[in-house]
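Within every chain, numbering begins at 1; the chains are lettered A, B, ... in the order of the sequence lines, protein sequences first and strands thereafter.
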Amino acid sequence: MTGPPRTGDTTPTGPRRGAPPDPDPPWALLAELTHGCPLSCAYCSNPVELNSRSAELTADEWADVLRQAADLGVVQTHLSGGEPLLRRDLHRIVAAADGAGIHTQLVTSGVSLHEDRVAGLVEAGLRSVQLSVQHPEPGRAALIAGARASRAKERAARLVREAGLPLGLNAVLHRANLDALEALVDLGLAWGADRIELANTQFYGWALRNRDALLPDPGQVARARHTLERLRAELAGRMELVWVAPDYVDATAKPCMGGWGAISLTVTPDGTALPCPAAAELLGADAPSVRDRPLDWIWRSSPAFTRYRGEDWMREPCRSCELRAVDFGGCRCQAFALTGDAARTDPACHRSPDHGLVRELVEAARGPATPDTYVYREPAPSDRTRAPQEARPPQQADPGKQR
Amino acid sequence: MSTSATSTLSPGWRPVVARSVVFRHDRVRGVDLLLLPERVVVLRGAAGGIVALCDGERDVAAIVAELARRHPDAPVDTEVPAFLGRLYDEGWLR
Ligand code: SF4
Ligand code: SF4
């Protein structure tokens, strides 16, 4: 284990001498079935360097991972990606999860969800669907997603409701859609959603590339919050509105993942197990694979999962901060991405010595009137031609590294 | 769905766990759970035993009768229908 140095800690009864204590069992597994996706969302938090399709776990390997996860205590899984519908064997993975007693939710862009596909997934035991939406206006949605998909999404929503499954929408919020929050909620009502997750962009992976174009100004966030409170009062009992806070603008660290290796785990398309979906870069070669190790060992004992579990790794100002049991010192991946050191206080926190990095960006954030120019993933998205604003042509920002 | 708890407790109602919900015993933690999208409800005390009787065959009277047989001293005839009504209002029972 490569935890923080323990020099001076000689109390025999002190916490965590030697082997770490047995962690609580995980509740949830995020299963990223593929990195392939028909969209190229500007805010995508998947890594810049994606797993290739040929490296993906097979359905049999996923079935084994899901059985191990259930034995470990996992009771819920999000089947995500990329676009999980690109896996023709998705129904087998759903059936394996359901057979292990795990509640399944499909997290999808809705593109290519057809009637027979829905029927097969329901038959296999699918319990719920979460559909992404980018903007209530199709043209602007296409600009954000790098492809036209609004009609496919509307059809997908209808098919999910007709199949009797609960429908959740997920809208990642940023400068180009925060002011459309009410119209997004109206869209959810029209499509029969039970729940809308209004998730302010978290800057990981590809989203970090587009940070300048995505970051809202504080006035926009304040307006959106105001609208949210009004809608929550109006829709109480009809629709659940979940708000994922913008940590940069709020200058507040988020309780990332409910703590490192505390509640859930992620398995990426090639079988890498992570305490947080964004942790691949931070962990590098230390990230364990379900192809090499039992999930039980990965959760309980792997250096990757024990490194930032609990509070021993913390330095000041977190170490003596009364909020450390509430936010766990914020996000390790964000500390790493912004400072190069994952054990520092999350720079989103106003108490962090590195907070200036974030504050400067927020102060420089432009208003909603600025045209949106994004860098898209390769391959170049097609059919953005009728978007109301000109998008800069997609750039290959990191030649040779992408699929 | 604007039906209130009281109106659902018609004699014909045969409660059953909604299809989007999984009711199961968690052998790892030793508790009964309702698994919902984005949410896990831990059923404490007698709650799991009540939901276990919601099989779509028994009506509320039959569930109450069964629980009264098992727990002769408990106030099941008032508390159980109210509990089932709350679960209906949440959308967890149909
Ligand atoms: S964020 Fe957009 S591009 Fe990224 S995986 Fe999801 S749907 Fe695909
Ligand atoms: S100093 Fe650390 S524990 Fe305190 S609020 Fe900031 S991130 Fe949270």
**Prompt:** Top residue by heavy-atom pair count (under 4.5 Å) with chain A, among Val21(B), Leu33(B), Asp26(B)?
**Reply:** Leu33(B)

**Item:** Backbone N/O of Gly73(A) and side chain of Arg29(B): donor-acceptor pair under 3.5 Å
**Value:** yes

**Asked** Got a second to check how far Arg195(A)'s CZ is from Leu36(B)'s CG, nearest 0.5 Å?
**Response** 10.5 Å

**Message:** I need the residue from Gln130(A), Glu197(A), His103(A) with the largest number of non-hydrogen atom pairs under 4.5 Å to chain B.
**Reply:** His103(A)

**Item:** Heavy-atom contact with chain B under 4.5 Å, split by part of Asp24(A)
**Value:** neither

**Main-chain N/O of Gly101(A) paired with Arg24(B) side-chain donor or acceptor, under 3.5 Å** = yes

**Asked** What do you reckon, is CD of Glu123(A) surrounded by more than 12 foreign heavy atoms closer than 6.0 Å?
**Response** no

**Fill in**
Applying a strict 4.5 Å limit to non-hydrogen atoms, the region of Val242(A) in contact with chain B is neither

**Item:** Flag if over 12 foreign heavy atoms under 6.0 Å of CD, Glu115(A)
**Value:** no

**Request:** Measure distances from Glu240(A) to the heavy atoms of chain B and classify the residue's part below 4.5 Å as side chain, backbone, both or neither.
**Result:** neither

**Asked** For the atom pair CG (Leu35(B)) and CD (Gln105(A)), what is the distance rounded to the nearest 0.5 Å?
**Response** 12.5 Å

**Asked** CD/Glu38(B) to CD/Gln76(A) distance, rounded to the nearest 0.5 angstrom?
**Response** 7.0 Å

**Fill in**
Between Leu72(A) and Val28(B) the two heavy atoms that sit nearest each other are O-CG1, 3.9 Å

**Item:** Contact origin within Arg19(B) toward chain A - heavy atom pairs under 4.5 Å
**Value:** both

